[in-house]
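Working notes for the structure below.
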Amino acid sequence: MHPAPSVIIFSVLSGLGFGFMAYLALGFLSLTGLWAFGGWAIGYGLAVVGLLAATAHLGNPQRALLAFSQWRSSWLSREGWVAVLALLALAPIALGDWLGFGVPYVWRGLAAALALITVFCTAMIYCQIKAVPRWHHWLTPVVFMGFALAGGALLAMQATLAFVLLLGLAVVMLALFHLGDRQFARAGASMESATGLGGIGKVSVFEQPHTGGNYLLREMIFVVGRKHAMKLRLIAVLFAAVLPALMAAVGGVALMLAAVLVHLVGAFAARWLFFAEAEHVVGLYYGKR
Amino acid sequence: MTCLPGATQKKLGLAIDLDTCVGCHACVTACKGWNDQGYGAPLSDQDAYGAEPSGTFLNRVHSYQVQPDQGAAQVINFPRSCLHCEDAPCVTVCPTGASYKRVEDGIVLVNEDACIGCGLCAWACPYGAREMDQDAGVMKKCTLCVDRIYNENLPEEDREPACVRTCPTGARHFGDFNDPDSKVSQLAAARGGFDLMPDMGTRPTNKYLPPRPKDKRAEASLLAPLLDIQATGFAGWLDRVLGRI
């Protein structure tokens, strides 16, 4: 799949933002006054910049409001709803922390839950797609939630919690790399099943349907960059999880903030790979993956 | 609403005969020609006369080489377009309701006025049936020529999809798969029409008719008796002399 920068920026930044704001809502980082304003501004900034980046992906963004209409069937629509509800529910908590008034714990819990459900919905947009077997695995939402929770804990200066969650993130990332490699074969799709000609013999491409490029080849049959996939996987796990975990183990505000930046580098590498490594079954018609 | 209808009154679709298709791409051209006008945004091209031409098409014809365990390979031409699935994954993922499946005839369509061009439906389709138009920024797909099949301004013989109407070998058939007596239902039953990628659980309406088995002769070649020629007379003498040198 084509790793579109807009979608990578969206899912990495808004995931981190919503994860961080879940911790803020639950009072892990008891900020007051201008510090509270700054903290919440970072959370809202990450989430909103991410959501705006996502609209850059659209062919007709002026109609984006219509995307709220199909929450019954569409994870993308649900994500839109939950993101807006989370941002609204978090607002009184942010104002309370800044201006010094209390918000009931039930409300704080609800808002934190909505923030995390947003990340879950983002993951389900990819996880639901059967035609991309690597994504169609229950570990996909686990990894997305892992990034939000571990990255959020780092930003919220929770050294011990971040250490544990980052190690957990490393495990689920490795697990999804390992299992993901086997998903395409497990889905049972082959050139023989795609064409239905397997009963006659072994199918190969004789001539492509067109000599130029097209939308399918650009969007779904993206094969550039897989050459370095193994190195990038290593970079992703080291930078997103292992190094920040070690930095969190040492602790200290400066080191924790540096750990957030290291984590972000790894998160971008991991999310780029999430798209670049994903193979769509339509590639079978072109004899490519 | 992008929830799928439980059942549709008709199941309009195509039966595509892989035995008779000669891979001429006339259906590709006819489809592009018809869908350049009338229904929805015209199928655009980018850099059409330049170094890297590219464009939106709703129908593509692949050519495969199929190698049996024994004997010569076969070339099979393979048109690929929207299968108007009963469990169309492209419809349910749509966030705006632009994608829908019609209750009356089962055609899967895009309401381009509501399409935001997010591309998620194209990701969800295992068959690559949807292509985003680069000019209009909306998703294009086969409409089963919905603006032809019900069009009373056209002569009756033209009220079928452009690809079917134009096919010079009669490899494409259009009809209602809900009607067991229709031509397409009969063809699918008689010829063992099959679904593409049944593992994807999409329950396609379109059926592909497999290539008929090739004749197999007992002898490897009709020319075999002629290959072992014993020369006689002058030629035989020459053969023996030349063989000895």
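Numbers restart at 1 for each chain; the letters A, B, ... are given by sequence-line order, proteins then strands.
When heavy atoms are compared at a cutoff of 4.5 Å, A/His280 approaches chain B solely by way of its side chain, counted from C-beta outward. Contact of B/Tyr64 with chain A is made through backbone and side chain together, with heavy-atom distances under 4.5 Å. Both the backbone and the side chain of A/Ile200 come within less than 4.5 Å of a heavy atom in chain B. Residue A/Ile129 touches chain B through its side chain alone, counting heavy-atom pairs closer than 4.5 Å. Interface remark: B/Tyr127 contributes backbone and side-chain atoms alike to the contact with chain A (heavy atom separation under 4.5 Å). A/Arg218 touches chain B through its side chain: at least one heavy atom from C-beta onward sits under 4.5 Å away, while N, CA, C and O do not. B/Pro53 touches chain A through its backbone: at least one of N, CA, C or O sits under 4.5 Å from a heavy atom, while the side chain does not. Neither the backbone nor the side chain of B/Gln70 comes within contact range of chain A; no heavy atom of the residue lies under 4.5 Å from a heavy atom of that chain. When heavy atoms are compared at a cutoff of 4.5 Å, B/Glu52 does not approach chain A at all. At a 4.5 Å heavy-atom cutoff, A/Trp81 makes no contact with chain B through either its backbone or its side chain. For A/Gln128, the part sitting under 4.5 Å from any heavy atom of chain B is the side chain, from C-beta outward, and nothing else. Neither the backbone nor the side chain of B/Ala73 has a heavy atom closer than 4.5 Å to any heavy atom of chain A.
Applying the 6.0 Å contact sphere to CZ of A/Arg182 captures more than 12 heavy atoms from other residues, nucleotides or ligands. Within a 6.0 Å radius of CD in B/Glu104, other residues, nucleotides and ligands contribute more than 12 heavy atoms.
A 4.5 Å side-chain heavy-atom check between B/Lys140 and A/Tyr215 finds every atom pair outside the cut-off. Using a 4.5 Å cut-off on side-chain heavy atoms (C-beta onward), B/Met197 and A/Val281 make contact. You'll find the side chain of B/Leu18 reaches within 4.5 Å of the side chain of A/Leu197, heavy atoms only. Side-chain contact check for B/Glu131 versus A/Leu216: some heavy-atom pair is nearer than 4.5 Å. Looking only at side-chain heavy atoms (C-beta outward), B/Val93 and A/Leu76 stay at 4.5 Å or farther from each other. Side chains of B/Cys94 and A/Ser74 form no contact here, defined as non-hydrogen atoms less than 4.5 Å apart. Looking only at side-chain heavy atoms (C-beta outward), A/His210 and B/Arg60 come within less than 4.5 Å of each other. Between A/Val282 and B/Pro126, every side-chain heavy-atom pair lies at or beyond the 4.5 Å cut-off.
At distances below 3.5 Å, at least one donor-acceptor pair connects side-chain atoms of A/Arg63 with backbone N or O atoms of B/Asp113.
Of all the listed residues (A/Ala189, A/Ser77, A/Gly198, A/Ala54), the one sharing the greatest number of non-hydrogen pairs under 4.5 Å with chain B is A/Ser77. Ranking B/Phe194, B/Tyr208, B/Phe57 against chain A, the residue ahead of the rest is B/Phe194, based on heavy-atom pairs under 4.5 Å. Residue with the most contacts toward chain A among B/Asp69, B/Val138, B/Thr202, B/Asn77: B/Val138 (heavy-atom pairs, distance under 4.5 Å). Between chain B and the residues A/Gly201, A/Ser204, A/Gly188, the largest count of heavy-atom pairs under 4.5 Å involves A/Ser204. Interface remark: of the candidates A/Gly283, A/Ala67, A/Ala64, A/Ala67 forms the most heavy-atom pairs closer than 4.5 Å to chain B. Considering only heavy-atom pairs separated by less than 4.5 Å from chain A, the leading option among B/Gln74, B/Gln67, B/Lys214 is B/Gln67. Considering only heavy-atom pairs separated by less than 4.5 Å from chain B, the leading option among A/Val205, A/Leu217, A/Ile221 is A/Val205. No other option in B/Cys115, B/Ala124, B/Gly119 has as many heavy-atom pairs under 4.5 Å with chain A as B/Cys115.
Distance check: A/Ser190 OG to B/Asp199 CG gives 8.0 Å after rounding to the nearest 0.5 Å. With rounding to the nearest 0.5 angstrom, the CG atom of A/Asn214 is 9.5 Å from the CD atom of B/Gln134. Between atom NZ of residue A/Lys130 and atom SG of residue B/Cys125 there is a gap of 13.5 Å, rounded to the nearest 0.5 Å. Atom CG of residue A/Leu284 and atom CG of residue B/Leu196 lie 11.5 Å apart, to the nearest 0.5 angstrom. For the atom pair CG (A/Asn60) and CE (B/Met139), the distance works out to 11.0 Å, reported to the nearest 0.5 Å. Taken from CE in A/Met1 to CH2 in B/Trp123, the straight-line distance is 5.0 Å, to the nearest 0.5 Å.
Nearest heavy-atom pair across B/Thr96 and A/Ser69 is O-OG, 3.2 Å.
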Original post:
Could you walk me through whether B/His62 and A/Phe206 pass the ring pair (Phe, Tyr, Trp, His ring centres under 6.0 Å) check?
Top reply: CA-CA 8 Å; B/His62 295 254; A/Phe206 181 70; over 10 Å; no

